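All values below were derived from every heavy atom in this structure, side-chain atoms included, with hydrogens, water molecules and symmetry-related copies excluded. Small disclaimer: the values here were computed from a predicted structure and weren't measured.
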Amino acid sequence: MTRTITPRAEAIERFVADLHETMTAFRCAGTGRLIRSGVSMTHMHVLWLLQHHGDLPMSRLAELLDVSVSNATGVIDRMEERGLVERVRVADDRRVVLVRIAAGGIAAMDETDAVKADRMRSILARLDPAQLERLTAAFADIRTAITAEFGDELLTTHSHH
């Protein structure tokens, strides 16, 4: 059975592929300096998870990373030594230990974000006013579709400060 790909479906697939390639390039651009300073991609992934989910118990963090608790503990030990995360005990139940982003982790994420923002500004400066206007309108459409798909919270709750 031959399935016909519509022009709309083809355009969607092209956009998804282009977006993925672009996001990968930005991720690499923003993290290259950090990796050279000893912050690994695994560490960045943990920081992104903590940024998205907030403080997490080690068992949940291990689950999100798809590793054993002992492996996650080793990663967190190294990150804690570098000042990227900290372990905190829950006041109501001292047996529960949460992992939280520390000042060094916030600084690492801020540096990554700053590099990506600088690169984006440089790229956008290459566009003429008409191109910028089209891009701004298209991006507003994408944000509207994201909100329709996931709700308002997805675009408003990703802050680590």
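Across all non-hydrogen atoms, the minimal contact from A72 to A62 is CB-CB, 3.7 Å. For the pair A108 and L47, the tightest heavy-atom approach, listed with the atom from each and the gap, is CB-CD1, 4.4 Å. Residues N71 and V67 approach most closely at CB-CB, 4.0 Å, considering heavy atoms.
Between the CZ atom of F139 and the CD1 atom of I146 there is a distance of 6.5 Å, given to the nearest 0.5 Å. In this structure, CG on D55 lies 8.0 Å from CD on E86, to the nearest 0.5 angstrom. Here the straight-line distance linking atom OG1 of T6 with atom CD of E13 works out to 10.0 Å at 0.5 Å rounding. Note that the CG atom of L65 and the NE2 atom of H45 stand 5.0 Å from one another [nearest 0.5 Å]. In this structure, I12 CD1 and R8 CZ are separated by 4.5 Å, a value rounded to the nearest 0.5 Å.
For the pair S122 (side chain) and D118 (backbone), a donor-acceptor distance under 3.5 Å is absent.
Residues M109 and I101 meet the side-chain proximity criterion, which asks for heavy atoms closer than 4.5 Å. Between R89 and V96 the shortest side-chain heavy-atom distance does not fall below 4.5 Å. Between V97 and V88 the shortest side-chain heavy-atom distance does not fall below 4.5 Å. For the pair H43/V75, a side-chain contact is recorded, criterion being any heavy-atom separation below 4.5 Å from C-beta on. For the pair Q131/D128, a side-chain contact is recorded, criterion being any heavy-atom separation below 4.5 Å from C-beta on.
Ionic pairing of E81 and R78 is not present here: no N-O contact between side-chain nitrogen and carboxylate oxygen is shorter than 4.0 angstrom.
Every residue meeting the side chain to side chain donor-acceptor pair (under 3.5 Å) condition with E80, not counting sequence neighbours, appears here in chain and number order: R87.
Tested against M79, the residues T42, L50, V99, L84 include a single side chain to side chain contact (heavy atoms under 4.5 Å, CB included) partner, L84.
Other residues, nucleotides and ligands place no more than 12 heavy atoms under 6.0 Å from the CG atom of D66.
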